[in-house]
Amino acid sequence: MTPRRSLKSLLPLACLALPCAAWAAAPQAASATIKVNQLGFLPGAAKFAVVPDGKAASFTVVQAGTDTVVKTGTLAPGKAAPEAGDKVRLADFTGLATPGRYQVRVAGLPDSPPFDIGPAVFQPVNAAAIKAFYFNRNSTALDEKHAGAYARAAGHPDTRVLVHASAASPARPAGTVISSPKGWYDAGDYNKYIVNSGITTYTLLAAFEDFPELFKGQDLNIPESGNALPDLLDEALWNLEWMLTMQDPADGGVYHKLTNLKFDGMVMPDQAREPRYVVQKTTAAALNFAAVMATASRVFAPYEQHVPGLSAKMLAAAKAAWQWARANPGVYYQQPKDVATGEYGDKDVSDEFGWAAAELFITTKDPAYYGAMKAPALKATVPSWAQVDGLAWMSLARHRKTLGSAVDQALVANRIDTLSASLARGWKASAYGITMQPADYVWGSSAVALNQAMVLAHGYRLTGKREYLDAAQAGLDYALGRNALGTSFVTGFGTKLPLHPHHRPSEADGIAAPVPGWLVGGPQPGQQDKNDCPVAYLSALPAKSWLDHGCSYASNEVAINWNAPLVYVTAAIQALTPGGASTQH
Ligand code: G3I
Ligand code: 9MR
C-alpha cells in the first residue's frame, strides 16, 4: 500500500504552532477543568466528577449545552493528590439516573465534557476494544468491508520463521525454518510474545466465561462474523492458533517470542520485511501457554461441532507445556546479544506455576493440579504480564461452584475479597476517587487501573458488596477521563483523547485519526523515551507524565495486554450495573 504520509505524521513532528502552545499550557489547563468519564454511565451506576478545589462549594448537572438544571449537589471537602500536584473535590451525582446527555457545571469553571446516561453506554467501546485486536492481526490483509478506512495489505506472513541459535534443539538446529503465522502484533511494534499473549488471551476468554450473553449477541464485523462461534471467540482463536505453533512438538517447550532482531521502523506491515525468528524456550512461556490452552480448551469445548478436535488438542498442548515447565522450572528469558526487541523477562515464575496449575485443575478436575498450585502459599495480586497469581484466584472464584470441596472454598473467597477490600480502601482514600495509588503509575498505568477494576468486578460477583462495583466503575471512569489529565486514554472515544499513539499502523497509514478502540499506556514518570522524543512531556508528576506523541512508547503506546482488561471491564460494568441493557450476575 502506498504510504500516505500526510497531515498526521507531520503534525507532531512539526509541532504546528497551535498544538504546541496547547501542549505547553496543558498541565495548568488540565488542573482547572472538571474531569469526568467522557462516555458516561449506566443509570444505576455510581457517578462522580472531579472538580479543582476553589471557592465553589456546590455543583449542578445540566442537560448538555443548556441551562436546564437536573441535579444540584454539594462538593466534598478538598483533598490533596500529590501524584497529580493538585487538590480536588468530588461531585457525587449518583442519584441522577434519567437517561440523557449532561454536563457538570461549577461556578468559575468551564463545564465538564458532555457524557451520557443510558442503558448501553459501554457497548460501543467494548466492541471497539475487541475490534482493535482484529486491526492488529498478523499475516493477513484487512479488507475494506471489515476495516473500512483502516484496510491494509498483509504483512509478516510468518510462514518462514527461523529458529534462532538461542532456541536450537537437536530436531530443530539454528536456522531451521518453521511456520508460525497468525496471532496479533503485540502492541505498537510488530513482534509476538508468548508471555504477553498469555494474560491477554486469558483475559478475553475470562470476559467470555463471565459474561457470555453479552458476547453471544455481539457482531464485530470481522471476517468470521456470522459463523457458529461468538465473534470474541473467533478473534481469540486467531491468536490461539498462532500460540499453538510456538510449541516445539518434540518436547512440549514453548518459544518465548517470534520477532525481528530489531524493531521495525514506523512503517505499515507490508513494508516491514526483516527476517523473523523464534527465540529461546522459557519456563514463563511454557506456563503462560499451558494456562491459556487449558482455559481455551474448556471455553471451546461446547463448540466441538464447529471446531472439531480443537478443545482436545489445546488440552494436550497445555499438558505437554506443563510437563516441560516441571522438567525445566528455572529457564528464564535471557535476551540474546543480537536481539533488541521486547523482553517480557521475569525471574520469578512461582505465580505462573500457580496460575497454570489452577487452569489445568479447573479444566481437568485432576486434584494433582490443585496440589501443584500450592494454594495456601499463592498470593492474590492485581494482574499484569509479570504477575499472574491473581488470574488463578479469579478463575477459581468463577468456577467455584463446579469445584466443590476439591478446593479450599474459604481460601478462594478470602483471596478475592481481601484484594478487593484493599483496592476499595485505596479508592475511598484517594482524592480523585480512584483505585490508582501513586506507585501504580508504571509503564502501562491505564491498564493497572483496569486490571484493578477487573479484580473488583470479581469481588462484586463473589460477595455482592456494592462498594466493589462502584470502585470497579471508578477504574473505567479513570480510563475514560476522570484522571489528572482529564483525558480519555482510549483512541476514538471521548472528547479529549489520544490522537498520536505509538502504534506503527496509526503512525504510518496516512489517516488523521488513529486506529480506534486502543487503550494507550498512560502517564508514568519513567519517561524512558525522552531521548527519542522531539518535544517534552507535559509534566514530571506521576499522574501527569504523559505525552500524546507517536514517539512516546513509554507513555503512549498501545498493547494487547492493556486492551484486554478494557474489554473485560467494559463488559463487566455493562453487565453488572443495575439498569444496564444486558444486566446479569
Ligand atoms: O521489576 C521492576 C520493579 O522491581 C520496580 O519496582 C519497578 C519500578 O518502576 O520497575 C519494574 O520494572 C519495570 C518492568 O516493566 C516490569 O514491570 C520497568 O521499570 C519497566 O520499564 C518495564 O516496562 C515494560 C516495557 O515493555 C519495557 O521493557 C512494560 O512493563 C511492558 O509492558 C513493555 O512491553 C513492550 C514490549 O517490550 C514490546 N512491545 C510493546 C510493549 C508495550 O510497550
Ligand atoms: O517501538 C518500540 C516499542 O514497541 C517498545 O515498547 C519500545 C520499548 O522496548 O521500543 C520501541 O522502539 C524504540 C526503541 O526502543 C528505541 N529506538 C526508537 C524505537 C521506536 O521508534
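We count ligands from 1, going down the list as the structure has it; atoms in each ligand are counted the same way. Quick note: numbers below take in every heavy atom, side chains included, and nothing from hydrogens, waters or symmetry partners. Start at 1 with the first residue, then count along the sequence.
Of all heavy-atom pairs spanning Tyr553 and Gln528, the tightest one is OH-O, 3.8 Å. Closest of all the heavy-atom pairs between Asp346 and Tyr332 is O-CD2, 3.5 Å.
Within the 3.5 Å criterion, the main-chain N or O of Arg415 finds no donor-acceptor partner in the side chain of Thr418. Within the 3.5 Å criterion, the main-chain N or O of Ile434 finds no donor-acceptor partner in the side chain of Arg482.
No hydrogens or angles considered: a donor-acceptor pair under 3.5 Å links the side chains of Thr381 and Asp389. Between Thr283 and Asn328, the side chains place no donor N or O within less than 3.5 Å of an acceptor N or O (distance only, hydrogens not considered). In the model, Thr341 has no side-chain atom that pairs as donor or acceptor with a side-chain atom of Asn191 under 3.5 Å.
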Would you tabulate the polar-atom pairs, meaning N/O of ligand 1 against N/O of the protein, with distances under 3.5 Å, reported to 0.1 Å?
{"unit_1": "ligand 1", "atom_1": "30 (O)", "unit_2": "Trp385", "atom_2": "NE1", "d": "3.0"}
{"unit_1": "ligand 1", "atom_1": "34 (O)", "unit_2": "Tyr344", "atom_2": "OH", "d": "3.2"}
{"unit_1": "ligand 1", "atom_1": "39 (N)", "unit_2": "Asp186", "atom_2": "OD2", "d": "2.9"}
{"unit_1": "ligand 1", "atom_1": "39 (N)", "unit_2": "Asp189", "atom_2": "OD1", "d": "3.1"}
{"unit_1": "ligand 1", "atom_1": "39 (N)", "unit_2": "Asp189", "atom_2": "OD2", "d": "3.3"}
{"unit_1": "ligand 1", "atom_1": "43 (O)", "unit_2": "Trp443", "atom_2": "NE1", "d": "3.0"}
{"unit_1": "ligand 1", "atom_1": "43 (O)", "unit_2": "Glu557", "atom_2": "OE1", "d": "3.0"}

Identify all pairs of nitrogen or oxygen atoms, one from ligand 2 and one from the protein, separated by less than 3.5 Å, and list them with distances.
{"unit_1": "ligand 2", "atom_1": "1 (O)", "unit_2": "His502", "atom_2": "NE2", "d": "2.6"}
{"unit_1": "ligand 2", "atom_1": "1 (O)", "unit_2": "Arg504", "atom_2": "NH1", "d": "2.9"}
{"unit_1": "ligand 2", "atom_1": "1 (O)", "unit_2": "Arg504", "atom_2": "NH2", "d": "2.9"}
{"unit_1": "ligand 2", "atom_1": "4 (O)", "unit_2": "Glu557", "atom_2": "OE1", "d": "3.3"}
{"unit_1": "ligand 2", "atom_1": "4 (O)", "unit_2": "Glu557", "atom_2": "OE2", "d": "2.6"}
{"unit_1": "ligand 2", "atom_1": "6 (O)", "unit_2": "Glu557", "atom_2": "OE1", "d": "2.7"}

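For Lys182 and Trp238, the positive end sits near the middle of the six-membered ring, less than 6.0 Å away and at most 45° from its axis.
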For this session: Would you check, one step at a time, whether the test ring-ring contact (aromatic ring centres under 6.0 Å, His included) holds for Trp355 with Tyr202?
Result: CA-CA 11 Å; Trp355 177 38; Tyr202 166 83; 5.3 Å; yes
